[in-house]
Trainee: 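Following this message is one structure expressed as structure tokens.
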Amino acid sequence: MDSKVRVRFAPSPTGGLHIGGVRTVLFNYLFAKHHGGEFILRIEDTDQSRFVPGAEQYIMDTLAWCGLSPDESPAVGGAYAPYRQSERKQLYKKYADQLIADGYAYYAFDTPSDLENKRNEIPNFQYNKAHRKEMKNSISLSENEVNDLLKNNTPYVVRIIMPEQETLSFNDLIRGEVSFDTSTVDDKVLLKADGMPTYHLAVVVDDHLMKITHAFRGEEWLPSAPVHILLWKYLFGINHMPQWAHLPLILKPEGHGKLSKRDGERLGFPVFAMDWMDPNTKEQTIGFKERGFLPEALINLLALLGWNDGTDKEIFSIDELIAQFSLERVHKGGAKFDYEKAKWFNQEWIKKTSNDQLATLVKPFYDDAQIEVHEPAYLVKVIGLIKDRCHLLTDFITQGSFFFKAPTEIDTASILTKWEEKKQGFFTALTGDYEAMISKGDTQPTAADLEIHFKALAATHEIKPGDLMLPFRIMLVGGKFGPGVFEIIQAIELKDAKERIEYSLKLLSNK
RNA sequence: GGAGCGUUCGACUAAGGGUUAGGUCACCUCCCUUUCACGGAGGUAAUACGGGUUCGAAUCCCGUACGCUCUACCA
């Protein structure tokens with residue numbers, strides 16, 4: 001048996017965490033835990049120009065919320081620290097030097113504008129065998145020229161020499177054998193002018209140093225795989241290379257292409273796991289968490305986007321996912337994201353969650369909506385009454401706020417279509433009866449008792465109860481929704497019910 | 001342009017040479033519900049196209065089309 005399974009998620013801290021990223025984390029995590037291995041978080045902050053303060057913390061907060069905490073990370077440390085590539089900067093140069101010494105890489109002194117000019121001059125310009133002799137580098141220049149440039153501290157990058165017409169293939173855990181002709185990829189930069197490695201060098205060096213056994217990443221990385229394979233071959237030996245798996249992409253719900261932050265804004269659903277505010281632009285992006293998703297539901301729906309266990313089962317806990325997960329059942333093709341189905345997953349998880357737990361989860365949403373919850377037990381009771389009609393935690397506000405304060409918006413239009421004098425009389429009598437019950441001290445009638453009383457009163461007024469139910473409901477909750485009318489009264493109690501009826505009656509008489 | 005990868009109902013997917021191509025979301029109908037939901041019962045709806053191989057193809061092979069990704073001193 002091989003050594004212990006070690007996988008890593010290696011994001012660059014440039015902004016909020018997209019659900020595609022969360023799914024990459026998930027598959028890493030599931031694979032690691034399924035095999036009793038370790039999951040490492042490594043921060044790839046090699047591009048200083050794109051560094052966004054707070055993004056790293058956001059990533060860690062998101063993983064914590066999702067319940068996908070790493071075994072090793074910049075925050076918790078580990079045997080292979082540091083886990084931030086910017087703090088590992090000095091490590092990479094020696095490998096770049098080694099590649100140059102071994103003839104696999106070279107210095108290139110071209111300035112950004114040199115490259116830009118070249119690209120403008122030659123359509124589809126590639127820095128490769130065909131053109132590298134036209135450029136300013138240690139292949140085209142004499143040894144003396146190169147030494148002079150280096151001595152004068154001329155900025156340079158290190159580029160890999162892509163061999164010509166060498167077929168490179170590897171076994172992708174998801175796709176099977178994939179092969180490339182090395183001539184189709186250019187001489188990638190390995191070490192930048194600022195001394196930082198590019199992704200290509202850093203990923204190989206760090207995966208080696210951190211003893212990564214399986215490397216998962218998005219499908220968009222497939223075309224650069226030959227560079228990484230070559231680097232493994234040159235630096236550490238191809239036999240030590242981790243097993244690669246390129247994950248399918250999460251696509252836009254309509255049209256084509258990768259799901260992006262913009263799609264969420266356009267179509268009105270979250271794309272980031274949690275709220276994210278860009279510290280530079282102050283732009284706010286909504287997250288699944290704040291939209292009212294349970295982390296279990298987000299994990300569940302992401303797992304089923306591109307994977308299934310081969311049965312009809314769709315609801316999985318994280319432990320069930322760990323037990324069942326296998327890369328063989330991960331799809332090759334991308335999957336379109338469907339927000340309706342996402343909400344269905346959340347609804348299923350709301351149903352699975354106890355009322356007590358839901359109460360603590362829902363409470364912050366009530367606080368944000370400035371709805372005061374005096375008694376936690378009352379909130380639990382309300383949740384029991386409305387939970388079946390909630391898809392999102394935020395639905396507990398729209399479905400439940402009237403339990404805490406009388407509605408101010410009353411759909412009087414719906415009452416007025418069939419409103420008549422005798423109904424007015426009925427409700428006036430009803431408030432009278434409620435008043436009498438209150439003064440008798442009978443403040444806690446059951447829903448069943450209230451219904452019996454209501455029907456009896458309707459009979460004396462010679463009105464069918466059915467003609468009264470809808471207006472009654474609207475008076476109590478403001479609109480055509482909510483649980484049973486008498487259960488509502490039982491919950492909000494008689495005094496409140498009476499006041500709501502009176503308020504609506506006043507509105508109606510003004511119309 | 002080049003390279004790589006992909007393609008089953010509108011969406012997520014099952015079926016790995018033999019099924020009336022199954023399930024879930026969405027949509028429609030009905031039942032339940034004196035509201036809205038939940039729940040229950042039904043329904044509409046798919047193997048991109050063209051060639052092979054085979055007694056038999058969604059499944060294997062070839063071609064075509066379409067789509068996606070990459071083609072930065074970004075990851």
Side-chain angles (χ1 to χ4, degrees), chain A residues 10-14 44-47 49-50 108 110-112 115-116 119 123-127 155-159 172 174-175 178-181 183-186 188-200 202-203 217-226 246 248-249 251-258 301 304-315 329 331-345 347-348 351 386-391 395 398-399 411 414 451 455 464-474 476-477 479-485:
Chain A
S12 44
T14 54
E44 307 224 340
D45 55 349
T46 54
D47 185 358
S49 67
R50 294 214 308 161
D110 318 276
T111 65
L115 290 168
E116 202 190 319
R119 283 193 255 262
N124 302 320
F125 170 77
Q126 293 249 284
Y127 206 123
Y156 67 87
V157 301
V158 175
R159 285 180 183 269
D172 186 282
I174 292 171
R175 282 148 220 284
V178 181
S179 49
F180 297 87
D181 182 340
S183 343
T184 63
V185 356
D186 62 349
K188 294 288 179 207
V189 170
L190 302 178
L191 203 67
K192 298 185 265 190
D194 63 4
M196 280 286 196
T198 59
Y199 172 81
H200 305 296
V203 73
R217 51 170 32 163
E219 187 188 344
E220 68 268 28
W221 287 107
L222 209 39
S224 55
H246 290 87
L249 268 14
L251 276 15
K252 297 174 192 298
E254 37 142 73
H256 302 283
K258 262 202 294 190
L301 76 93
L304 273 280
L305 219 46
W307 174 87
N308 69 81
D309 75 343
T311 73
D312 288 341
K313 184 175 163 73
E314 292 197 276
I315 302 300
R329 293 203 64 90
H331 275 232
K332 297 183 180 77
K336 291 188 182 184
F337 177 71
D338 181 2
Y339 188 54
E340 291 305 320
K341 183 116 192 199
K343 283 195 291 192
W344 174 79
F345 275 108
Q347 181 190 152
E348 292 299 313
K351 283 196 250 173
I386 61 175
K387 138 188 222 189
D388 278 347
R389 57 204 81 210
C390 295
H391 292 215
D395 291 339
T398 50
Q399 291 289 332
D411 181 10
S414 293
E451 187 168 355
K455 285 182 172 169
K464 280 186 287 185
D467 293 340
L468 295 162
M469 290 302 286
L470 189 63
F472 195 15
R473 157 177 305 283
I474 294 171
L476 294 170
V477 314
K480 295 187 241 183
F481 63 95
V485 164

Trainee: Taking ring-ring contact (aromatic ring centres under 6.0 Å, His included) as the definition, give me every residue that meets it alongside A:W344, ordered by chain and number, with sequence neighbours left out.
Mentor: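 Listed in chain order: nothing, the list is empty.
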Trainee: Starting from the 5' end of RNA chain B, give me the residue, A:G333 or A:G310, whose nearest nucleotide shows up first.
Mentor: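 This one resolves to A:G333.
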Trainee: Between A:L190 (CG) and B:A72 (P), how many Å, whole number?
Mentor: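 Going from CG in A:L190 over to P in B:A72 covers 15 Å.
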Trainee: Taking 4.0 Å as the cut-off, does a side-chain nitrogen or oxygen of A:R329 come that near to OP1 or OP2 on B:A15?
Mentor: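 Answer yes for this pair, as a side-chain N or O of A:R329 is under 4.0 Å from OP1 or OP2.
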Trainee: At under 4.0 Å, does any side-chain N or O of A:N308 touch on OP1 or OP2 of B:A14?
Mentor: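 For A:N308, the contact criterion (side-chain N or O under 4.0 Å from OP1 or OP2 of B:A14) is met.
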Trainee: Does A:H200 have any ring-ring contact (aromatic ring centres under 6.0 Å, His included) partners at least two apart in sequence or in another chain, and if so, which?
Mentor: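 Listed in chain order: A:H228.
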Trainee: Round to the nearest Å and state the distance from A:F180 atom CZ to B:G4 atom P.
Mentor: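 Those two atoms, CZ and P, are 8 Å apart.
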Trainee: For A:E220, check side-chain contact (heavy atoms from CB on, under 4.5 Å) against everything at least two apart and list the hits.
Mentor: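 Once residues adjacent in sequence are excluded, the partners of A:E220 under the side-chain contact (heavy atoms from CB on, under 4.5 Å) criterion are A:L249, A:K258.
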Trainee: Under the ring-ring contact (aromatic ring centres under 6.0 Å, His included) test, which residues partner A:Y127, sequence neighbours left out?
Mentor: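 Per chain and number, A:Y127 pairs via ring-ring contact (aromatic ring centres under 6.0 Å, His included) with no residue.
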Trainee: Measure from CD on A:E254 to C1' on B:C12 and round the result to the nearest Å.
Mentor: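 Taking CD of A:E254 and C1' of B:C12, I get 17 Å after rounding.
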Trainee: Could you tell me how far B:G18 sits from B:G2 if I compare only their P atoms? Round to whole Å.
Mentor: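 Comparing P positions in B:G2 and B:G18 gives a spacing of 39 Å.
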Trainee: If only side-chain N and O atoms of A:K332 are considered, is one of them under 4.0 Å from the OP1 or OP2 phosphate oxygen of B:U13?
Mentor: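 No, outside the criterion.
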Trainee: Taking atom C1' in both B:G6 and B:U13, compute the distance separating them and give it to the nearest angstrom.
Mentor: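 The answer is 16 Å between these two C1' atoms.
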Trainee: Assign a letter to each nucleotide of nucleotides 22-27 of chain B from its 5' end: B, base within under 4.0 Å of a protein heavy atom; S, sugar-phosphate only; -, no contact.
Mentor: -SBBS-
Trainee: Polar pairs (N or O, both sides) under 3.5 Å between protein and nucleotides 67-70 of chain B?
Mentor:
from	atom 1	to	atom 2	distance (Å)
B:U69	OP1	A:K258	N	3.4
B:U69	O2'	A:E220	O	3.4

Trainee: Think A:R50 has a side-chain N or O under 4.0 angstrom from the OP1 or OP2 of B:A75?
Mentor: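 No, no such contact exists.
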Trainee: What's the verdict on salt bridge (charged side-chain N to carboxylate O under 4.0 Å, His left out) for A:D338 and A:K341, showing C-alpha distance, side-chain angles and the deciding distance?
Mentor: CA-CA 6 Å; A:D338 181 2; A:K341 183 116 192 199; over 6 Å; no
Trainee: Atom CZ of A:F481 to atom C1' of B:U33: distance rounded to whole Å?
Mentor: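 Rounding to the nearest Å, CZ of A:F481 and C1' of B:U33 are 17 Å apart.
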Trainee: Classify the side-chain pair A:R217/A:H246 by whether it contains a donor and acceptor separated by less than 3.5 Å.
Mentor: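 Judged by distance alone, the side chains do pair up.
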Trainee: For A:T46 and B:A75, is the shortest distance between a side-chain N/O and OP1 or OP2 below 4.0 Å?
Mentor: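 So the side chain of A:T46 is within the cut-off, an N or O lying under 4.0 Å from OP1 or OP2 of B:A75.
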Trainee: Does B:U13 have its OP1 or OP2 closer than 4.0 Å to a side-chain nitrogen or oxygen of A:K336?
Mentor: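 Negative; the distance criterion is not met.
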Trainee: Is A:H331 close enough to B:A14 that one of its side-chain N or O atoms is under 4.0 Å from OP1 or OP2 there?
Mentor: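 Looking at the OP1 and OP2 atoms of B:A14, one of them is under 4.0 Å from a side-chain N or O of A:H331.
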Trainee: Expressed in whole Å, how much space separates the P atoms belonging to B:U29 and B:C36?
Mentor: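 Going atom to atom, P in each nucleotide, I get 14 Å.
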Trainee: For the backbone of A:D395 and the side chain of A:R389, can you confirm whether one donor and one acceptor N or O come within less than 3.5 Å of each other?
Mentor: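 Checked: no pair found.
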Trainee: Listed by chain and number, what are the side chain to side chain donor-acceptor pair (under 3.5 Å) partners of A:D411, not counting sequence neighbours?
Mentor: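 Only A:S414 meet the side chain to side chain donor-acceptor pair (under 3.5 Å) criterion with A:D411.
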Trainee: Which whole-number value in Å describes the distance from A:I474 CD1 to B:U35 C1'?
Mentor: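 So the two atoms are 8 Å apart, to the nearest Å.
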Trainee: Return whichever of A:L115 or A:Q399 has its heavy-atom-nearest nucleotide of RNA chain B closer to the 5' end.
Mentor: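 That would be A:Q399.
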Trainee: For the P atoms, the ones on B:U19 and on B:C12, what distance do you get once it is rounded to whole angstrom?
Mentor: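 After rounding to an integer number of Å, I get 26 Å for this pair.
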Trainee: I'd like to check the side-chain contact (heavy atoms from CB on, under 4.5 Å) partners of A:K313; sequence neighbours left out, ordered by chain and number.
Mentor: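 side-chain contact (heavy atoms from CB on, under 4.5 Å) list for A:K313, sorted by chain: A:D309, A:T311, A:F316, A:E320.
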Trainee: Just how far, in rounded Å, is P of B:U13 from CG of A:L301?
Mentor: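 Distance check: A:L301 CG to B:U13 P gives 12 Å.
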Trainee: In whole Å, what separates the C1' atom of B:U20 from that of B:C49?
Mentor: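 25 Å, rounded to whole Å.
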Trainee: So, using ring-ring contact (aromatic ring centres under 6.0 Å, His included) as the criterion, who are the partners of A:F337 when residues are at least two apart?
Mentor: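 A:F269.
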